[in-house]
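Worksheet for the structure shown next.
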Amino acid sequence: MKSSNIIRQHWAALRALLVFTVILGFGYPLLIWLVAMLPGLHDKAEGSMLTAGGKPVGSKLIGQLFTDANGNPLSEYFQSRPSAAGANGYDPTASGGSNLGPESVVDTPGDPPKPSLLSQVCARSAAVGKLEGVDGSRPFCTGGGVGAVLSVIGPRDARGYVSHPTRVVSVNEPCATTKQPFVDFYEGVHVECATVGDDYSAGQIVPIRGAAPASPQVPADAVTASGSGLDPDISLAYADIQIARVARARHVSADQIRAVVAQCTTGRLLGIFGEPTVNVLQLNLALDHRYPLTMVQ
């Protein structure tokens, strides 16, 4: 190949590089920036920030905690749903879920112990029930707020089920925390509390539904984290059970708080998709504006 042809090819490649650098490296980003400056889009481009007293306090798209320094819920604020993002939750740099699924029903002992998803749900439901003054019981949970799960040990039939139990252990209730398991007998066999360090995996794992209502008063989003761990919204059902507590803390009527909740409620997408939700940060800022804490202290 002649040197002149090589030069022409390299010169064509260099021109293409320069043209695409101008178009994609400068022109396209500039176009996107100009579009983001259009009315109606600028706020979204800036992160959908919400302000209080002229200062940004968070994004409408990212949830946050409303707790004190010890992690206790602040009674004058609506609470967000649980979060598995980061050590304390709602860490935007550690977005993610717990990676626990429906089959996570047996706690893992250790220092610290690792509660199963079921026990986490049970503990959260009990805590929310106590905070909001409602019944926090739910199916497959003990009264102590852990998963109501038994390891049934004994010979198995052809299908793999224990046909004649010889020993039954409440695996999520260590003897160090309880002397009396949530149920006394299972199929005529006395139920034992678990001994830390013992292995009960040889038994058949049997969750016990219990006598809790099929529709718990504490809704699902109050006890489960979102996939991102950053969900800024809660359901109307979760907002509703918090109204009485917030009204007492702010010394106003429940109807006054309910009116603010209605103003911060977003309906179904296009009127048919999803369920109505309440943005927690937006709601709490609206409450501070309408009923400032200085008025109730």
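Because the structure is a prediction, the values reported are computed rather than measured. By convention here, the first residue in the shown sequence is residue 1.
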Problem set entry | Test side chain to side chain contact (heavy atoms under 4.5 Å, CB included) applied to Asn284 and Leu287, step by step | CA-CA 5 Å; Asn284 286 333; Leu287 289 173; 4.1 Å; yes
Spatial distance of atom [atom1] ([X]) from atom [atom2] ([Y]) [nearest 0.5 Å]:
X: Ser226; Y: Asp221; atom1: OG; atom2: CG; value: 10.0 Å
X: Leu74; Y: Gln79; atom1: CG; atom2: CD; value: 6.5 Å
X: Cys193; Y: Asn172; atom1: SG; atom2: CG; value: 12.5 Å
X: Asn279; Y: Cys264; atom1: CG; atom2: SG; value: 7.5 Å
X: Ser98; Y: Gln120; atom1: OG; atom2: CD; value: 6.0 Å
X: Thr21; Y: Phe26; atom1: OG1; atom2: CZ; value: 7.5 Å

So which heavy atom on [X] is nearest to which on [Y], and how close?
X: Ala212; Y: Arg138; result: CB-C, 3.3 Å
X: Pro219; Y: Ile241; result: CD-CD1, 3.8 Å
X: Ala202; Y: Arg156; result: O-NH2, 3.0 Å
X: Leu100; Y: Ser116; result: CD1-C, 4.4 Å
X: Val171; Y: Ala194; result: O-CB, 3.8 Å
X: Gly86; Y: Asp91; result: CA-CB, 3.9 Å

Has [X] got a side-chain atom pairing as donor or acceptor with [Y]'s backbone, closer than 3.5 angstrom?
X: Asn70; Y: Asn72; result: no
X: Ser83; Y: Gly229; result: yes
X: Ser75; Y: Ala249; result: no
X: Thr277; Y: Ile234; result: no
X: Ser80; Y: Gln64; result: yes
X: Ser104; Y: Leu117; result: yes

Starting from [Y], can I reach [X] by hopping between I/L/V/M/F/W/Y residues whose side chains sit under 4.5 Å apart?
X: Tyr28; Y: Leu18; value: no
X: Phe182; Y: Val169; value: no
X: Val152; Y: Val106; value: no
X: Val246; Y: Val134; value: yes
X: Val218; Y: Ile243; value: yes

Does [X] reach the side chain of [Y], with side-chain heavy atoms less than 4.5 Å apart?
X: Val149; Y: Phe140; answer: no
X: Glu192; Y: Val168; answer: no
X: Val191; Y: Leu150; answer: yes
X: Tyr238; Y: Val128; answer: yes
X: Val105; Y: Ile205; answer: yes
X: Val196; Y: Pro174; answer: yes
X: Ser170; Y: Val183; answer: no
X: Val146; Y: Glu173; answer: yes

For this session: Show your reasoning for whether side chain to side chain contact (heavy atoms under 4.5 Å, CB included) applies to Thr265 and Leu236.
Result: CA-CA 8 Å; Thr265 298; Leu236 287 178; 3.6 Å; yes
For this session: Please indicate whether Asn88 has more than 12 foreign heavy atoms, meaning atoms of other residues, nucleotides or ligands, lying under 6.0 Å from its CG.
Result: no
For this session: Before giving the answer on side chain to side chain contact (heavy atoms under 4.5 Å, CB included), spell out for Thr166 and Val189 the whole-Å C-alpha distance, their side-chain angles and the decisive distance to 0.1 Å.
Result: CA-CA 7 Å; Thr166 58; Val189 179; over 6 Å; no
For this session: List the steps, then state whether side chain to side chain donor-acceptor pair (under 3.5 Å) holds for Asp255 with Ser253.
Result: CA-CA 5 Å; Asp255 287 339; Ser253 71; 5.3 Å; no
For this session: Could you walk me through whether Asp231 and Arg81 pass the salt bridge (charged side-chain N to carboxylate O under 4.0 Å, His left out) test, one step at a time?
Result: CA-CA 8 Å; Asp231 190 348; Arg81 66 184 301 181; 3.1 Å; yes
Problem set entry | Pair Arg250 + Asp288: basic N to acidic O under 4.0 Å | yes
Problem set entry | Short N-O contact, Glu132 and Arg245, less than 4.0 angstrom | yes
Exercise. When you look at Ile153 and Val162, which way does the side chain to side chain contact (heavy atoms under 4.5 Å, CB included) test go after all the steps?
Worked result: CA-CA 7 Å; Ile153 302 170; Val162 175; over 6 Å; no
Problem set entry | Short side-chain donor-acceptor distance under 3.5 Å, Ser137 and Asp135 | yes
Exercise. Is it true that the side chains of Ser119 and Asp107 contain a donor and an acceptor less than 3.5 Å apart?
Worked result: yes
Exercise. How are the rings of Phe66 and Tyr77 set relative to one another: parallel (under 30°), tilted (30 to 60°) or perpendicular (over 60°)?
Worked result: tilted
